**Student:** 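Here it is, the structure, as structure tokens.
All values reported here derive from a predicted model rather than from experimental measurement. First listed ligand is number 1; within each ligand, the first listed atom is number 1.
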Amino acid sequence: MRRPVARFAGFGRGIPPKVLTNHEFAAMGLDTSHEWIVERTGIVERHIAAEHETTCSMAADASCTAMHRAGVTAGEIDVIVLSTATPDRLLPATAVDLQAAIGAHRAAAFDISAACSGWLYGLTVAEGLIMTGTAETALVVGSEKMSAIVDWTDRSTCVLFGDGAGAAVLRPSTDERGILSSYMRSDGRLANLLYRPQGGATIPMSEEVLRERGHLVKMAGREVFKSAVLCMAESVDRALDAAKVTADEIDLLVPHQANIRIIEATAKHAGIPMEKVFVNIDRYGNTSSASIPISLDEVTERGIVGEGSLVLIAAFGAGLTWGSMVVRL
Ligand code: COA
């Protein structure tokens, strides 16, 4: 097992209070049912941000808790890595708005775009910055206002997603605690399985784009599902091998919360019983890159795992992107 370079010093989450239940979709005129959504996805409800709650404001809530728990001040943050598929503005990065909001004036701040795998990608980048001595204290955030980019008339996507943010403070490791392995992959040949076709620089926003809903999320659900199962299985194997630990030694699997059936398939493949798998998709839906840091905040807050626990993280998202990590908390 390699000696870790960076460890988690504190987690936090920022969740908008408004809850949208499955039952409310039918009332909105969507041809769906609570039973269908629960059976096919495991989702019961999700949180939805109000107009004044932004990717930045949710990130700030999560970051303040993470910094408080880590015992660091905003002035000590050297770098902010913010993962999001829903930046508040297209220019500049939402990370600099977060920097201003929390007063981390010494930091370098930038966004990462790797969809639901973005927080894991961001952690790996931050770990590298700590390894080279470029940064000592890193704030790694996943924040998503998915409600702003889903098509509320498309039952196959809008029921899946929710809003929220999660954050972690990363510091140099001084003992055996920290990131023990990280594995990242992507396959751009599959980019069009889950994407927003228009509204970028190639086909800029226009009345026609808005009318045709070309700027909203489009997804080939069944194909994404199949890829997710294969990719998450591959990545947990790689991360366990690289950390030289067996599945039996893992105290908790914290997977990206996209679909309960994908989570169960990943756990089964890894040989990890569901009692050792954290699931909160029923309460949040898919919060994209926020799902794993929100989960880590919940499991540490509730004492499900604690200092010294061995945790396996697995992510998957648009791109396609995927990855996995073994960490000792
Ligand atoms: N309510 C009721 N019926 C729905 C529905 C909903 N919310 N969404 C889709 N359906 C219908 C479809 O229209 C289809 O109807 P048809 O047979 O008349 O055409 C039927 O259910 C089956 O659709 P299918 O896509 O095969 O269902 P599924 O079992 O694959 O479940 C998903 C659909 C989207 C839940 C599932 O494919 C999935 O979770 N994919 C992965 C998505 C994901 O995780 N994306 C994010 C990755 S980070």
Side-chain angles (χ1 to χ4, degrees), residues 20-46 83-86 112-122 142-147 149-164 166 184-188 190-196 216-236 254-267 279-282 284-295 313-324:
L20 178 68
T21 66
N22 290 346
H23 294 290
E24 289 170 76
F25 284 108
M28 287 158 56
L30 205 67
D31 181 16
T32 188
S33 67
H34 169 72
E35 290 69 27
W36 191 94
I37 300 169
V38 172
E39 191 193 311
R40 305 310 292 161
T41 72
I43 300 167
V44 174
E45 59 189 33
R46 70 288 290 143
S83 153
T84 188
T86 55
I112 280 207
S113 173
C116 302
S117 309
W119 190 73
L120 189 137
Y121 273 50
S143 185
E144 309 281 6
K145 189 167 175 173
M146 295 302 289
S147 60
I149 63 164
V150 296
D151 182 343
W152 289 95
T153 65
D154 176 6
R155 66 177 183 175
S156 66
T157 52
C158 74
V159 302
L160 303 177
F161 296 98
D163 299 335
M184 299 159 40
R185 284 290 304 274
S186 52
D187 187 346
L190 302 174
N192 290 359
L193 292 185
L194 177 47
Y195 72 140
R196 296 172 68 191
L216 301 175
V217 170
K218 309 273 180 282
M219 182 177 74
R222 217 172 297 177
E223 286 72 19
V224 170
F225 187 98
K226 281 188 225 147
S227 295
V229 170
L230 292 173
C231 295
M232 296 217 349
E234 181 220 354
S235 69
V236 294
V254 177
H256 171 49
Q257 309 281 317
N259 184 310
I260 187 67
R261 293 180 290 135
I262 297 173
I263 294 172
E264 286 166 352
T266 305
V279 175
N280 61 10
I281 190 172
D282 51 329
Y284 292 118
N286 181 346
T287 56
S288 189
S289 72
S291 91
I292 292 172
I294 289 172
S295 299
I313 297 170
F316 174 83
L320 298 179
T321 55
W322 65 99
S324 202

**Student:** Give a yes or no answer on whether the side chain of Arg261 reaches the backbone of Arg40 with a donor-acceptor pair at less than 3.5 Å.
**Tutor:** yes

**Student:** Which atoms from ligand 1 have a heavy atom of Arg40 less than 4.0 Å away?
**Tutor:** 29 (O)

**Student:** Under 4.0 angstrom from atom 2 (C) of ligand 1, is there any protein heavy atom?
**Tutor:**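 Under 4.0 Å from atom 2 (C) of ligand 1, at least one protein heavy atom found.
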
**Student:** Tell me the protein heavy atom at minimum distance from atom 24 (P) of ligand 1, and give that distance in Å.
**Tutor:**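 Its nearest protein heavy-atom neighbour is Arg222 NH2, 3.6 Å.
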
**Student:** Would Thr32 count as a polar contact of ligand 1, with the cut-off being nitrogen or oxygen pairs under 3.5 Å?
**Tutor:**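 Yes; the residue has a nitrogen or oxygen that sits under 3.5 Å from a nitrogen or oxygen of the ligand.
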
**Student:** With heavy-atom distances below 4.0 Å as the criterion, list the atoms of ligand 1 near Gly221.
**Tutor:**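 Reading through ligand 1 atom by atom, the close ones are 37 (O), 40 (N), 41 (C).
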
**Student:** What atoms in ligand 1 come closer than 4.0 Å to a heavy atom of Ser156?
**Tutor:**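 Those qualifying, in numeric order: 8 (N), 9 (C), 34 (C).
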
**Student:** Distance-only, no hydrogens or angles: does the Arg155 side chain make a donor-acceptor pair with backbone N or O of Asp31 under 3.5 Å?
**Tutor:**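 Judged by distance alone, yes, a pair lies under 3.5 Å.
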
**Student:** Under the 4.0 Å line, does any protein heavy atom show up next to atom 21 (O) of ligand 1?
**Tutor:**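 Flag for atom 21 (O) of ligand 1 set to true, protein heavy atom closer than 4.0 Å.
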
**Student:** For atom 38 (C) of ligand 1, what is the nearest protein heavy atom, given as residue, atom name and distance?
**Tutor:** Asn259 ND2, 3.7 Å

**Student:** Mark whether atom 16 (P) of ligand 1 lies under 4.0 angstrom from at least one protein heavy atom.
**Tutor:**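 Protein heavy atom within 4.0 Å of atom 16 (P) of ligand 1: absent.
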
**Student:** By number and element, which atoms of ligand 1 are closer than 4.0 Å to a non-hydrogen atom of Phe316?
**Tutor:** 48 (S)

**Student:** Would you check if the side chain of Trp322 reaches a backbone N or O of Ala233 as a donor-acceptor pair within less than 3.5 Å?
**Tutor:** no

**Student:** I need the nearest protein heavy-atom contact for atom 44 (O) of ligand 1: residue, atom name and distance, please.
**Tutor:**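 The closest one turns out to be Ala258 CB, 3.4 Å.
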
**Student:** Return yes when at least one protein heavy atom is under 4.0 Å from atom 5 (C) of ligand 1, and no when none is.
**Tutor:** yes

**Student:** Under 4.0 Å from a heavy atom of His256: which atoms of ligand 1 are those, numbered in the order shown and with their elements?
**Tutor:**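 By the 4.0 Å cutoff, the relevant atoms are 48 (S).
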
**Student:** Would you call Ile263 and Gln257 a side-chain contact if the rule is heavy atoms closer than 4.5 Å?
**Tutor:** yes

**Student:** Out of Trp36, Phe225, Phe25, who gets a non-hydrogen atom closest to atom 27 (O) of ligand 1?
**Tutor:** Trp36

**Student:** Can you name the atoms of ligand 1, numbered from 1 with element, that are less than 4.0 Å from a heavy atom of Thr41?
**Tutor:**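 Those qualifying, in numeric order: 35 (C).
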
**Student:** Would you indicate whether the side-chain heavy atoms of Lys218 and Thr157 approach each other to under 4.5 Å?
**Tutor:** no

**Student:** State, with a plain yes or no, whether a side-chain heavy atom of Ser288 is found less than 4.5 Å away from one of Cys116.
**Tutor:**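 Side chain of Ser288 against side chain of Cys116, heavy atoms only: contact under 4.5 Å found.
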
**Student:** Hey, does the side chain of Thr266 reach the backbone of Ile262 with a donor-acceptor pair shorter than 3.5 angstrom?
**Tutor:** yes

**Student:** Which option out of Glu39, Arg261, Met219 puts a heavy atom nearest to atom 31 (O) of ligand 1?
**Tutor:**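 Residue with the shortest heavy-atom distance to the ligand atom: Arg261.
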
**Student:** Quick check on contacts: which atoms of ligand 1 are under 4.0 angstrom from a heavy atom of Asn286?
**Tutor:**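 In order of number, 46 (C), 48 (S).
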
**Student:** Tell me if a side-chain donor or acceptor on Thr86 pairs with a main-chain N or O of Met146 at a distance below 3.5 Å.
**Tutor:** no

**Student:** Is there a side-chain contact between Val224 and Phe316 (heavy atoms, below 4.5 Å)?
**Tutor:**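 Sidechains of Phe316 and Val224: in contact.
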
**Student:** Is there a side-chain contact between Leu120 and Met184, using heavy atoms and a 4.5 Å cut-off?
**Tutor:** yes

**Student:** Which of the listed options, Glu35, Arg155, Lys226, holds the heavy atom that is closest to atom 13 (O) of ligand 1?
**Tutor:** Arg155

**Student:** Hey, are the side chains of Met232 and Val236 touching, using non-hydrogen atoms and a 4.5 Å cut-off?
**Tutor:**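 No, their side chains stay 4.5 Å or more apart.
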
